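For reference, the structure discussed in these notes is given below.
Remember, it's a predicted structure, so these values are computed and weren't measured experimentally. The sequence lines fix the lettering, A, B, ..., with proteins before strands; numbering per chain opens at 1.
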Protein chains: 2
Amino acid sequence: MAEQQLPPVVARMWGRENSPRHGPRPSLDLAGIVAAAIRIADRDGLEGVTMGSVANQVGVATMSLYRYVGSKDELLIIMADAATPEPPSIDGRPWRDYLTDWTRANRDFLLDRPWVLALGQHTPPAGPRALRWLDRALAALADTGLDHGARINIATTLTGYATRQAALAHALNGAAGRGAADQIGGLTGYGEILGQVLDPDRYPELTAAVRANAFGAEPEWVDDADFTFGLDLLLDGIETLIARGRG
Amino acid sequence: MAEQQLPPVVARMWGRENSPRHGPRPSLDLAGIVAAAIRIADRDGLEGVTMGSVANQVGVATMSLYRYVGSKDELLIIMADAATPEPPSIDGRPWRDYLTDWTRANRDFLLDRPWVLALGQHTPPAGPRALRWLDRALAALADTGLDHGARINIATTLTGYATRQAALAHALNGAAGRGAADQIGGLTGYGEILGQVLDPDRYPELTAAVRANAFGAEPEWVDDADFTFGLDLLLDGIETLIARGRG
DNA sequence: ACCTGAACACCGTTCAAGT
DNA sequence: ACCTGAACACCGTTCAAGT
């Protein structure tokens, strides 16, 4: 009975549609459609993903897709989860080692598939893959004495960090993009743009930062050293918290 | 000469288009168009914002807008910046006090205008308002002995945290939405959904968390206590860093 | 029960014509 | 130099008709 009140998207992500199954066998399945859509997104970005292009890729009429997904929005949500890899495995490592790896893998996956970034994180994790990541982070923190709420919070904060970092790196490196957003980051040099536009009276600190070349000509300020820097900030905070709980 | 190579969006955000100015006076200006678009987004969300609806709101034909913006994408980027308030003022407060306030104000603004979340953070900050926020964060950290790179990094991490927190809170509270994404968060009870869907063997830790009621029936786990919790994690990390630099 | 052709409503953008 | 009507290409979605 409870099954019935699952939101349709969630039900579909977990293969829980009630499928009556008589009459002609379906010539497709959701997984095939989603895989095709992911292939298109990997090749052409998110704006290449069209109900038409997906149907075409799968060899079917556009309207047939509506037998398998409620709407394009639904398809996008399901795609984002299906495109997420498995989290790294723990192998008995201490929590700090593992979560460093976990967060970096999270960022790397988003750099590989930047279109997942564009899909936004407006949805609490609800797909099988997203929840695996959450589960693994909780497992890594199992022996720290932190309660479930704190552990969930930490995992959330770390994904947030990975997401932000990936978005920034992508924006600054992404000379490839066609959209208006991509004009800002690309080859032109972010620091130079700021230098041209800032009034030193209203933006004194930023002006100083630009003059100190804090935004190098190359987008080095979002490279791996910076990633580690911010991550260690977070992990130090977590370590403090654990010590406090024990002390 | 340098002015010329500003990306068009940036030039427009800072009022730097080269305006030849003869012939009939324009009956509109960018600011008016952007204000109208923001009004629509506040009322109807982002999907209410259409070149047609904006033009209508401003009393002009749809195509006239293309005299003022290069594309709809550009308009959205400019909107996001224009809708950002001024950052809180420092008033000589110590960095930790101020950055706490700064981060919370950042989140609150995004909760007020959730459509800015949907616009994504795929662009490095380039508008007058976004850069004011960055400048103020740098100012707060001026006396800490951290270099520009570190200070920029910290500001970035804190905005990332505010964004993530706002996105999550909005998703979990947002029974109001129409999209497929909003079905997951709303009234149904996020914890209940997880409970129905999780296989305890593959998701042992999450299952335990759900049983421990870590995702209360009310979405209390993204409330203010949680916000402060994660933020303090970050600030503790920063404090450690500053102390290390001085020691 | 599934697939599909035709059709609808809508939307971003271009262009040539007006003043 | 600005505004606009007409038109184009495209897209998500519905529905009734086919098998």
Side-chain angles (χ1 to χ4, degrees), chain A residues 8-9 12 17-34 36-37 40-41 44-79 115 118-119 177-181 183, chain B residues 8-9 12 17-34 36-37 40-41 44-79 115 118-119 177-181 183:
Chain A
V9 214
R12 259 185 279 258
E17 331 89 289
N18 28 0
S19 25
R21 282 305 106 96
H22 17 67
R25 262 247 236 57
S27 67
L28 302 167
D29 59 342
L30 223 203
I33 294 172
V34 170
I40 295 173
D44 304 329
L46 213 55
E47 73 260 45
V49 178
T50 278
M51 294 307 267
S53 71
V54 174
N56 191 22
Q57 177 84 204
V58 116
V60 96
T62 305
M63 312 68 87
S64 309
L65 298 182
Y66 289 92
R67 295 259 131 211
Y68 300 87
V69 243
S71 67
K72 189 189 178 184
D73 268 12
E74 247 191 61
L75 176 57
L76 293 175
I77 292 174
I78 300 174
M79 279 171 70
W115 55 267
L119 247 31
R178 304 129 288 275
Q183 299 170 352
Chain B
V9 216
R12 259 185 280 258
E17 330 88 288
N18 28 359
S19 23
R21 280 308 103 96
H22 19 66
R25 263 249 237 54
S27 67
L28 301 167
D29 60 341
L30 223 203
I33 293 171
V34 170
I40 295 173
D44 304 329
L46 212 54
E47 73 260 45
V49 177
T50 279
M51 293 307 266
S53 71
V54 173
N56 190 24
Q57 175 85 201
V58 116
V60 96
T62 306
M63 313 69 87
S64 309
L65 298 182
Y66 289 93
R67 293 260 132 208
Y68 301 87
V69 244
S71 67
K72 189 189 176 183
D73 268 11
E74 249 191 59
L75 176 58
L76 293 174
I77 292 175
I78 301 173
M79 280 172 68
W115 54 267
L119 247 30
R178 305 131 286 274
Q183 298 171 353

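- Per the geometry, CG belonging to D44(A) stands 12 Å off P belonging to dC11(D), to the nearest Å.
- Residues that satisfy the side chain to side chain contact (heavy atoms under 4.5 Å, CB included) test with T62(B), not counting sequence neighbours, are M51(B), A55(B).
- Regarding Y66(B), its OH atom lies at a distance of 17 Å from the C1' atom of dA16(C), rounded to whole Å.
- Considering CD1 of I77(B) and CD of E74(B), their distance stands at 7.0 Å, rounded to 0.5 Å.
- Computed from coordinates, the K72(B) NZ to dC11(C) C1' distance equals 8 Å when rounded to whole Å.
- Atom-to-atom, CG of D29(A) to P of dC2(C) comes out at 12 Å; the value is rounded to the nearest Å.
- Note: CG (D73(A)) to C1' (dT13(D)) measures 13 Å, nearest angstrom.
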If a pair means Watson-Crick or G-U wobble with both distances below 3.5 Å, what does DNA chain D look like in dot-bracket form, with | marking bases paired to a different strand?
||.|||||...|||||.||

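- Partner I40(A) forms a side chain to side chain contact (heavy atoms under 4.5 Å, CB included) with one of N56(A), V49(A), L46(A) and no other, that one being V49(A).
- Residue D73(B) holds its CG atom at 9.0 Å from CG of L119(B), rounded to the nearest 0.5 Å.
- Annotation for G48(B) and S53(B): closest pair O-OG, 2.9 Å, computed over non-hydrogen atoms.
- One finds the CG atom of L76(B) at 8.5 Å from the CH2 atom of W115(B) (value rounded to the nearest 0.5 Å).
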What does the list of N/O pairs under 3.5 Å between the protein and nucleotides 4-8 of chain C look like, with a distance for each?
{"unit_1": "dT4(C)", "atom_1": "OP2", "unit_2": "A61(A)", "atom_2": "N", "d": "3.2"}
{"unit_1": "dT4(C)", "atom_1": "OP2", "unit_2": "S64(A)", "atom_2": "OG", "d": "3.1"}

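- Taking atom CE on M51(B) and atom C1' on dT14(C), their separation rounds to 13 Å, with Å as the unit.
- Rounded to whole Å, atom P of dC11(C) lies 13 Å from atom CG of L46(B).
- A distance of 12.0 Å separates CD1 in I33(A) from CD in Q57(A), rounded to the nearest 0.5 Å.
- Residue V54(A) forms a side chain to side chain contact (heavy atoms under 4.5 Å, CB included) with just one option from L65(A), V34(A), V60(A), V69(A), and that option is L65(A).
- For L76(B) and dG12(C), the CG to C1' distance is 12 Å, given to the nearest whole Å.
- Comparing atom distances between the Y68(A) side chain and each of dC11(C), dT13(D), dC3(C) picks out dC3(C) as nearest.
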